[in-house]
Protein chains: 2
Amino acid sequence: MTKPVPETLANLGERGLIARMRGAMPSRADVLIGAGDDCALVAWTEREDLVLKSDPVREGHHFLPDTDSRLVGRKALARVLSDFASMGAEPRWALADLVAPADAPVSRIEGVFEGFAALAREHGVALVGGDTSCGDALELHVFCAGAVPHGRALLRSGAKPGDLLFSTGPLGDSFATGRHLTFEPRLAAGRRLRDAGAHACIDVSDGLASELWHLARESGMHLHVDLSAIPVSPTLAGRPDAIAHALGDGEDFELLFAATAPVEAEPGALPYPPAFGRVVGPAPGGAVTCSATPGGAPRPLPESGFDHFLAT
Amino acid sequence: MTKPVPETLANLGERGLIARMRGAMPSRADVLIGAGDDCALVAWTEREDLVLKSDPVREGHHFLPDTDSRLVGRKALARVLSDFASMGAEPRWALADLVAPADAPVSRIEGVFEGFAALAREHGVALVGGDTSCGDALELHVFCAGAVPHGRALLRSGAKPGDLLFSTGPLGDSFATGRHLTFEPRLAAGRRLRDAGAHACIDVSDGLASELWHLARESGMHLHVDLSAIPVSPTLAGRPDAIAHALGDGEDFELLFAATAPVEAEPGALPYPPAFGRVVGPAPGGAVTCSATPGGAPRPLPESGFDHFLAT
């Protein structure tokens with residue numbers, strides 16, 4: 001007889017865990033969107049819905065021990081702001097829970113707060129509190145609250161048959177160039193997409209393939225992608241693994257969106273890169289296919305997104 | 001020549017760090033209270049102010065590796081709800097960032113969420129999102145948003161000369177009895193104090209002495225405490241170190257409040273334990289004194305609160 005393998009986070013995975021919890025989550029009548037989109041959404045006033053989001057950065061996962069600490073603080077906030085961007089929402093107030101080793105130089109912690117504060121000021125976000133406690137590695141958990149005009153948030157679930165699929169910018173070189181530490185959260189783009197009538201949106205944090213699957217599942221649609229049309233980062237031009245990086249690396253923090261037609265970055269300006277896919281039609285549970293060329297044979301696109309726990 | 005000792009979190013301490021950061025925090029015109037009270041407070045509508053708070057629990061600090069994981073999840077939320085209680089506010093929506101070792105049994109994580117969810121349901125709080133990531137020890141960062149009637153939040157800064165000092169319940173045996181894991185957040189008491197016109201309030205998380213100093217500093221008042229009148233937990237009765245536990249242990253999560261007269265727990269019910277101190281008068285920067293007996297000679301009360309980083 002073999003001993004049964006105990007079920008651990010490593011073999012269940014973050015997604016499996018969340019799927020299991022989701023049904024058991026306590027809710028309220030005023031919750032419009034709970035877990036399952038980029039941010040939570042709550043009915044508050046006739047004019048605005050309240051938007052809530054938290055995200056951590058951890059040493060060894062999101063940055064290295066020798067990463068400039070100002071970039072650590074900046075990235076911690078920028079990740080959360082990117083989620084606000086994907087809903088067309090406005091971040092306003094943030095709290096930051098810091099964990100740091102007791103022997104961490106104060107200058108390193110000050111750097112974290114400086115980087116955080118500089119980006120917060122740029123986007124009109126107030127730092128209204130938080131906590132500091134002692135742990136083995138540096139981590140920062142950022143919580144942000146903000147608002148979106150009532151009923152106007154861009155959701156993952158809004159994709160419609162016939163929509164085209166776009167990214168607000170090129171993908172794939174975030175780790176090669178260090179842009180995962182310095183990216184600009186696409187808040188203006190998110191508001192623009194919202195006002196231009198885009199149907200669905202998500203930020204590219206885990207990787208394009210993973211985000212396509214999120215859109216497909218939440219919208220209950222079949223998406224098809226032309227791999228040759230994905231806007232790959234110019235620094236990867238000509239590399240055979242460029243598409244793989246764009247699909248799997250993540251942390252590009254561009255917005256993936258579904259709309260009936262191209263959207264100009266500003267009224268009268270150039271549109272975002274051309275469409276690289278389309279919404280084929282309804283598919284319960286979602287489906288994503290791809291082809292190597294515009295007219296090529298479709299095959300399933302694996303969801304090769306980053307999962308914090310999966311060992312393989 | 002001696003090498004200069006690098007400034008670390010351990011020798012600066014959490015309070016020193018926060019004091020240094022506080023002036024540099026980005027703010028907004030709609031922030032009523034930022035860092036420095038139990039929760040942050042933001043102007044939102046004519047009827048209600050938005051209340052925001054985050055707090056972590058970490059293995060080895062707030063619970064032990066063998067603590068029932070349901071109590072871990074319960075405590076993580078209860079700590080934040082206690083901060084809402086101290087402002088007379090209503091918690092509504094929570095996010096939870098979990099960090100756990102990859103080899104953590106899923107049953108342990110499920111326990112954390114069960115404990116969290118049960119308390120959330122009790123108080124009408126929705127769990128609307130969060131994150132799960134991989135780390136060395138179990139920790140849970142809880143963020144909560146809620147509301148308080150506009151302009152009516154109970155603050156630390158409201159104590160007035162002549163006010164009496166009360167606790168909503170006995171203090172000192174939280175660790176001896178394990179009540180730091182099972183306490184009831186005093187949400188009803190907080191609302192009651194708010195409606196009964198209490199002037200200032202804080203929850204007893206770090207220890208009574210520390211909370212008295214917070215009230216004194218934020219109110220700019222001199223507080224005096226009669227040590228013999230502190231409502232010590234019955235389980236400590238007769239023990240010579242009972243007062244020391246009440247002053248220094250913390251995690252009682254009763255409310256310390258300043259009011260002109262005793263307040264009944266409900267209209268017509270018994271009042272909270274008798275006053276054990278009073279607000280003597282203004283003192284820039286705050287001051288706290290104590291005497292062993294009602295008429296005894298006053299001496300300074302040291303701020304022996306728990307500080308996560310101080311080595312001594």
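None of these values were measured; they are calculated from a predicted model. In the text below, chain A, chain B and the rest are named by the order of the sequence lines, each starting its count at 1.
- For the residue pair B/Pro101 and B/Ala137, the shortest heavy atom distance occurs at CD-C, 4.1 Å.
- In this structure, B/Asp68 contributes its side chain and B/Arg70 its backbone to a donor-acceptor pair below 3.5 Å.
- Among the candidates B/Val42, B/Asp103, B/Thr45, the residue making the largest number of heavy-atom pairs closer than 4.5 Å to chain A is B/Val42.
- Looking at A/Val125, the atoms closer than 4.5 Å to chain B (heavy atoms on both sides) all sit in the backbone: N, CA, C or O.
- Note on ring orientation: taking the six-membered ring where Trp is involved, the planes of A/Phe143 and B/Phe143 are parallel (angle under 30°, cut-offs 30° and 60°).
- Between chain B and the residues A/Ser27, A/Ala118, A/Gly129, A/Gly60, the largest count of heavy-atom pairs under 4.5 Å involves A/Ser27.
- Heavy atoms closer than 4.5 Å to chain A are found in both the backbone and the side chain of B/Glu110.
- Interface remark: of the candidates B/Ile33, B/Asp136, B/Asp37, B/Asp136 forms the most heavy-atom pairs closer than 4.5 Å to chain A.
- Contact count versus chain A (heavy atoms, under 4.5 Å) is highest, among B/Met25, B/Arg28, B/Glu48, for B/Arg28.
- The greatest number of non-hydrogen atom pairs below 4.5 Å with chain A, out of B/Gly130, B/Ala35, B/Ala147, is found for B/Ala35.
- Only the side chain of B/Phe113 comes within less than 4.5 Å of a heavy atom of chain A; its backbone N, CA, C and O stay farther away.
- Judged by distance alone, the side chain of A/Asp97 and the main-chain N or O of A/Asp131 form a donor-acceptor pair under 3.5 Å.
- Put simply, of A/Pro56, A/Gly124, A/Cys39, A/Gly36, the one with the most heavy-atom pairs under 4.5 Å next to chain B is A/Pro56.
- Ranked by heavy-atom pairs shorter than 4.5 Å toward chain A, the options B/Ala104, B/Ser54, B/Ser107 are led by B/Ser54.
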* **B/Glu251/B/Lys75 under salt bridge (Lys or Arg N to Asp or Glu O under 4.0 Å): CA gap, chis, key distance, verdict** => CA-CA 10 Å; B/Glu251 301 237 332; B/Lys75 178 172 183 173; 2.4 Å; yes
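- Heavy atoms closer than 4.5 Å to chain A are found in the backbone of B/Val142, but not in its side chain.
- Under the 3.5 Å distance criterion, the side-chain polar atoms of A/Asp30 are left unmatched by any main-chain donor or acceptor of A/Ala43.
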* Test log, rule side-chain contact (heavy atoms from CB on, under 4.5 Å), inputs B/Leu71 and B/Phe63 -> CA-CA 9 Å; B/Leu71 294 179; B/Phe63 60 92; over 6 Å; no
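- Interface remark: A/Arg108 contributes no atoms to any contact with chain B (heavy atom separation under 4.5 Å).
- Contact between A/Asp203 and A/Ser86 at its shortest, heavy atoms only, is N-CB, 3.5 Å.
- The residue among A/Glu114, A/Glu59, A/Arg58 with the most heavy atom pairs within less than 4.5 Å of chain B is A/Arg58.
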* Could you walk me through whether B/Arg156 and B/Asp38 pass the side-chain contact (heavy atoms from CB on, under 4.5 Å) check? -> CA-CA 8 Å; B/Arg156 294 180 178 180; B/Asp38 287 80; 3.0 Å; yes
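- Interface residue B/Ala117: backbone and side-chain heavy atoms are both found under 4.5 Å from chain A.
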